[in-house]
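To keep things clear, I will list the structure first and then write my remarks on it.
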Amino acid sequence: MKSETVSVDIERVKVSRIQQVDFKNVAFGTVFTDHMLVCEYKEGAWQIPRILPYQPLSLAPSARVFHYGQAVFEGMKAYKDESGMVWLFRPEENFRRLNLSAKRLAIPELPEELFFEGLKALLHLDGEWIQKGVGNSLYVRPFIIATQPSVMASAANSYQFIIICSPVQSYYTKPIRLKIAEHYSRAANGGIGFAKAAANYAAQFYPTQLAAEEGFQQVLWTDADTHEYLEEAGTMNVFFRIEGVLITAPANDRILDGVTRKSVLALAEEAGIAVSVRSVMVDEIIMACEKGTLLEVFGSGTAAVISPVSALGYKNKVYEIPVCSNPYAERFKKAILDIQYNLADDAFGWRYKV
Ligand SMILES: *Cc1c(COP(=O)(O)O)cnc(C)c1O
């Protein structure tokens with residue numbers, strides 16, 4: 001396959017595994033398509049990307065990614081419309097953010113054509129793995145790891161950029177319960193909270209386990225200094241609706257600038273909903289909940305699009321959030337899905353044809 005600037009070497013599988021997949025019963029992120037894209041960085045340059053059968057990697061045990069966590073990733077989805085055309089949703093944003101994350105982790109940035117030509121070639125090859133029907137999609141996971149075989153604690157001189165793809169099914173997302181962080185922190189000023197850096201997630205697992213023991217699915221992170229301001233959840237940005245106003249914290253050093261978050265903000269403004277992007281105090285949200293003016297809380301992220309929140313845990317109390325009528329959560333979810341599946345006009349130019 002050739003493009004104007006980037007060629008992709010392709011080695012196809014001998015036999016596809018697609019017949020063995022029960023698409024209606026795949027657990028999220030457990031089944032992968034026939035192929036993967038691999039591109040090495042060495043001698044100061046990204047090399048020719050290759051598409052290979054999906055297979056284990058061979059890395060030295062001393063590869064730096066294993067010791068220092070020098071790794072970044074992205075998460076996006078490909079969708080198939082009723083006519084069989086395949087679409088991505090705002091992939092330029094994922095590309096831009098991958099390089100932003102890479103830069104912060106001292107990883108060499110990827111050329112744009114390499115990312116897009118590699119991604120498109122892979123999706124063309126494994127297009128059959130994308131099922132039609134709203135909710136069904138192919139989760140696309142690009143990532144970069146430091147491969148230099150040396151345990152010296154400094155930035156590596158060799159890397160691999162890899163894309164793997166996993167079919168995901170339409171699933172009903174139960175409202176989730178969030179525990180407000182009072183002790184642990186996810187990110188600090190000047191740190192890597194804004195990056196999709198592997199280490200951010202490893203650091204969340206233990207506090208999330210503790211929250212799970214109390215019946216919460218995720219931690220709602222607060223600022224590291226005072227724990228008085230709400231920031232975001234594990235893999236989602238968070239919105240609060242107090243009466244008619246939709247509130248979310250501003251994207252900054254500590255908060256990941258979600259593509260879904262941006263899209264919700266744009267849709268809300270277009271719909272004439274009052275939006276307030278500002279610091280959100282824990283006390284303000286708890287008080288609104290007690291007064292009954294906190295009508296909704298929801299998370300936004302690529303995996304579930306919008307996840308309604310049914311309870312907040314704080315200082316050994318649980319604040320239930322009653323289901324409201326005509327929730328914004330449903331409205332935004334539908335609007336975004338309709339654009340993603342080519343069921344509605346794309347006034348913002350968010351769809352990207354593969
Ligand atoms: C990926 C992610 C999000 C959501 O970003 P989207 O681009 O909307 O998928 C939010 N917070 C964190 C920490 C994330 O890693």
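For ligands, and for the atoms within them, numbers begin at 1 and follow the listed sequence.
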- Task: Report the part of Arg186 in contact with ligand 1, treating N, CA, C, O as backbone and CB onward as side chain, heavy atoms under 4.0 Å; options are side chain, backbone, both, neither.
- Result: side chain

- Carboxylate-amine/guanidinium contact Arg261 Glu232, below 4.0 Å: no

- If you measure from the Lys or Arg side-chain nitrogens to the Asp or Glu carboxylate oxygens, is any gap between Glu93 and Lys262 under 4.0 Å? yes

- Message: Is it the case that ligand 1 has an N or O less than 3.5 angstrom from some N or O of Arg97?
- Response: yes

- Message: Is the shortest side-chain heavy-atom distance between Trp87 and Asn342 below 4.5 Å?
- Response: yes

- Query: Which residue supplies the protein heavy atom nearest to atom 15 (O) of ligand 1, what is that atom called, and how far is it?
  - Reply: Tyr201 OH, 2.3 Å

- Message: Just to check, does Gly234 reach to within less than 4.0 Å of ligand 1 when the distance is taken from its heavy atoms?
- Response: yes

- Task: Could you find the nearest protein heavy atom to atom 12 (C) of ligand 1 and give me its residue, atom name and distance?
- Result: Glu232 OE1, 3.3 Å

- Task: For the pair Glu128 and Lys80, find out whether any cationic side-chain nitrogen is under 4.0 Å from an anionic carboxylate oxygen.
- Result: no

- Name the closest protein heavy atom to atom 5 (O) of ligand 1, giving the residue it belongs to and the distance to 0.1 Å. Gly258 CA, 3.4 Å

- Note on the structure: Residue, atom and distance of the protein heavy atom nearest atom 4 (C) of ligand 1 read Thr235 O, 3.6 Å

- Item | Heavy atoms of other groups near Asn316 CG, more than 12 under 6.0 Å | no

- Message: If you take the centroid of each ring, where Trp contributes its six-membered ring, are Tyr314 and Tyr319 closer together than 6.0 Å?
- Response: no

- Carboxylate-amine/guanidinium proximity below 4.0 Å for Arg177 and Glu320: yes

- Mind checking whether Thr302 has an N or O less than 3.5 Å away from an N or O of ligand 1? yes

- Item | Results of salt bridge (Lys or Arg N to Asp or Glu O under 4.0 Å) for Glu74 - residues two or more places apart only | Arg97

- Looking only at heavy atoms, is any part of Leu256 under 4.0 Å from ligand 1, and if so is it the side chain, the backbone, or both, or is it neither? side chain

- Item | Atoms in ligand 1 with a heavy atom of Val259 nearer than 4.0 Å | 6 (P), 7 (O), 8 (O)

- Among all protein non-hydrogen atoms, which one is nearest to atom 8 (O) of ligand 1, and what is the separation to 0.1 Å? Thr260 OG1, 2.6 Å

- Identity and separation of the nearest protein heavy atom to atom 14 (C) of ligand 1: Lys196 NZ, 3.1 Å

